[in-house]
Amino acid sequence: MATTSFNKMVASTSEQNMKNINNMLSFAQAHKTQIFVDIISEGKTIHQVRAYCIDHNKSIVRLFIQIKHEIKLPQNAEASLLFYTEKEGKQIPCNFISGIKNSFVHNGLFFIDVAVPHYIGHSQRRTCVRIPITKREIPNLKIWAESQPKGSDQMQWTAIQDENFDIVDISTGGMLFLVSSETPLAKQLKEGSKILLTAIFPYANKSPLCLSILSTVRRYAQNAQNPDWFSMGVRFIRWAYLENYSTWNSIPDDNGIPPLSNWVFQVMANRKRGQEA
């Protein structure tokens with residue numbers, strides 16, 4: 001099965017201006033912004049902690065971790081960071097996933113160094129904040145691409161096999177994927193291509209949210225850090241409940257799919273509660 005590391009998955013199709021990244025990190029450091037950190041190993045969250053950025057440079061972000069004991073980190077562990085900056089009086093959620101470079105204890109306090117990212121996801125629209133996500137958190141996700149077979153003038157839906165794609169992040173208005181160059185569809189996909197998704201979004205204490213979503217490809221380019229994969233950003237354009245898939249709902253504005261917003265922010269709330277427990 002094809003796999004890819006989390007730090008490769010967050011690469012943007014075009015690297016963000018490093019000055020903007022520095023400004024976001026400097027804001028978090030200067031304002032002592034609380035950062036919610038998921039420690040990830042082999043695609044699974046193994047620790048959830050709260051942290052503060054105490055320093056950063058061109059290579060690393062140094063985090064003070066608010067715990068009373070040292071955490072033993074597996075080799076190749078990664079960190080998913082969620083924090084808020086501010087613009088014009090509005091909170092802007094920011095997130096990125098990065099490799100853990102080092103961890104150490106100093107004067108009884110625990111610190112982690114993570115690599116400075118090439119891209120920090122952010123949105124001034126709270127309902128459309130993008131959060132890093134894994135396949136484990138969206139079980140049974142299936143995707144199909146509209147394709148045109150050779151010698152045919154008719155379009156058809158062709159499945160992209162599970163081993164040929166990974167999920168980078170999600171918002172109520174779209175998703176970012178990696179698509180393996182090994183799949184024949186990789187060379188057919190382009191901006192404007194249609195993508196069909198079906199997924200089960202689980203809740204802890206109630207029935208899961210089961211959706212079918214029609215999307216259009218907004219960005220498609222070879223991944224900057226891993227040329228064996230393509231980055232594919234899609235925007236949701238219509239949606240339906242799987243149990244009533246004959247009734248499709250349009251998305252008339254930039255606020256995305258209303259029922260999906262509840263799920264996205266439950267994920268964020270669960271991560272925050274994990275820090276406070």
Side-chain angles (χ1 to χ4, degrees), residues 1-16 38-46 74-82 95-100 114-115 117-121 129-147 157-191 193-202 211 213 215-236 260 263-264 267 271:
M1 178 176 175
T3 59
T4 178
S5 70
F6 279 88
N7 59 335
K8 291 176 182 175
M9 285 168 29
V10 295
S12 170
T13 54
S14 59
E15 291 189 0
Q16 234 172 15
D38 289 3
I39 307 297
I40 301 167
S41 178
E42 297 181 351
K44 182 179 180 181
T45 299
I46 58 174
Q75 187 176 8
N76 299 322
E78 295 173 293
S80 170
L81 282 69
L82 172 67
N95 63 79
F96 67 90
I97 301 177
S98 187
I100 296 176
V114 303
H118 295 293
Y119 178 80
I120 296 180
V129 59
R130 287 188 177 271
I131 59 171
I133 212 74
T134 68
K135 285 183 176 179
R136 291 175 183 269
E137 295 171 286
I138 312 178
N140 302 312
L141 174 69
K142 305 295 182 185
I143 65 177
W144 292 265
E146 194 176 33
S147 63
W157 292 107
T158 303
I160 299 178
Q161 299 302 316
D162 184 73
E163 65 269 18
N164 285 327
F165 75 89
D166 258 312
I167 313 171
V168 180
D169 59 36
I170 186 173
S171 75
T172 60
M175 294 183 74
L176 181 60
F177 295 96
L178 286 185
V179 177
S180 172
S181 59
E182 296 179 1
T183 179
L185 281 172
K187 295 181 179 180
Q188 297 184 35
L189 291 169
K190 58 185 178 180
E191 293 183 7
S193 295
K194 295 295 186 294
I195 301 292
L196 180 65
L197 317 171
T198 61
I200 297 173
F201 300 92
L211 297 180
I213 305 170
S215 311
T216 186
V217 175
R218 296 296 298 272
R219 291 183 294 140
Y220 190 75
Q222 195 167 43
N223 186 270
Q225 292 190 353
N226 188 345
D228 292 332
W229 294 79
F230 287 84
S231 294
M232 181 177 73
V234 306
R235 181 177 180 180
F236 302 151
L260 187 57
W263 183 85
V264 168
V267 172
R271 291 176 181 177

Practice problem: Please assess His118 against Phe96 for the test side chain to side chain contact (heavy atoms under 4.5 Å, CB included), listing each intermediate value before the final yes or no. | Solution: CA-CA 9 Å; His118 295 293; Phe96 67 90; over 6 Å; no
Exercise. Check step by step if side chain to side chain contact (heavy atoms under 4.5 Å, CB included) holds for Val168 and Ile97.
Key: CA-CA 9 Å; Val168 180; Ile97 301 177; over 6 Å; no
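Here the side chains of Ile138 and Ile170 are in contact, with some heavy-atom distance below 4.5 Å. Between Phe177 and Val217 there is no side-chain heavy-atom pair separated by less than 4.5 Å. Contact check for Thr134 versus Ile167: no side-chain heavy atoms found under the 4.5 Å cut-off. A 4.5 Å side-chain heavy-atom check between Leu189 and Ile195 finds at least one atom pair inside the cut-off. Using a 4.5 Å heavy-atom threshold, the side chains of Ser98 and Leu81 count as separate. Contact of the Phe165 side chain with the Leu141 side chain is registered, since non-hydrogen atoms from C-beta on lie closer than 4.5 Å. Considering only heavy atoms from C-beta on, Asp169 stays 4.5 Å or farther from Ile133 through its side chain.
Applying the side-chain contact (heavy atoms from CB on, under 4.5 Å) criterion to Asn76, with sequence neighbours excluded, gives no partner residue. In terms of the side-chain contact (heavy atoms from CB on, under 4.5 Å) criterion, residue partners of Ala186 (sequence neighbours excluded) are, by chain and number, Thr183, Tyr220, Phe230. With sequence neighbours left out, Phe236 forms a ring-ring contact (aromatic ring centres under 6.0 Å, His included) with no residue at all.
Shortest non-hydrogen contact noted between Ser171 and Val264 is C-CG2, 4.4 Å. The heavy-atom pair separating Gln222 from Pro227 by the smallest distance is NE2-O, 3.0 Å.
Note that the CD atom of Glu182 and the CG atom of Asp228 stand 7.0 Å from one another [nearest 0.5 Å]. Expressed to the nearest 0.5 Å, how far NZ of Lys142 lies from CD of Gln161 amounts to 8.0 Å. Put simply, OG1 on Thr172 and CD1 on Ile131 are 10.0 Å apart, with the number rounded to the nearest 0.5 Å. Taking CG of Leu260 as the reference point, atom CZ of Phe201 lies at 5.0 Å (rounded to 0.5 Å).
The backbone N or O of Ile40 sits nowhere less than 3.5 Å from a side-chain atom of Glu78 that would complete a donor-acceptor pair. Judged by distance alone, the side chain of Ser41 and the main-chain N or O of Ala77 form no donor-acceptor pair under 3.5 Å.
Residue Val234 is tested with Met175, Arg218, Lys194, Arg219 for a side-chain contact (heavy atoms from CB on, under 4.5 Å); the sole match is Met175. Exactly one residue among Asn164, Ile143, Val179, Ile160 makes a side-chain contact (heavy atoms from CB on, under 4.5 Å) with Leu185. That residue is Ile160.
Between Ser231 and Asn223, the side chains place a donor N or O and an acceptor N or O closer than 3.5 Å (distance only, hydrogens not considered).
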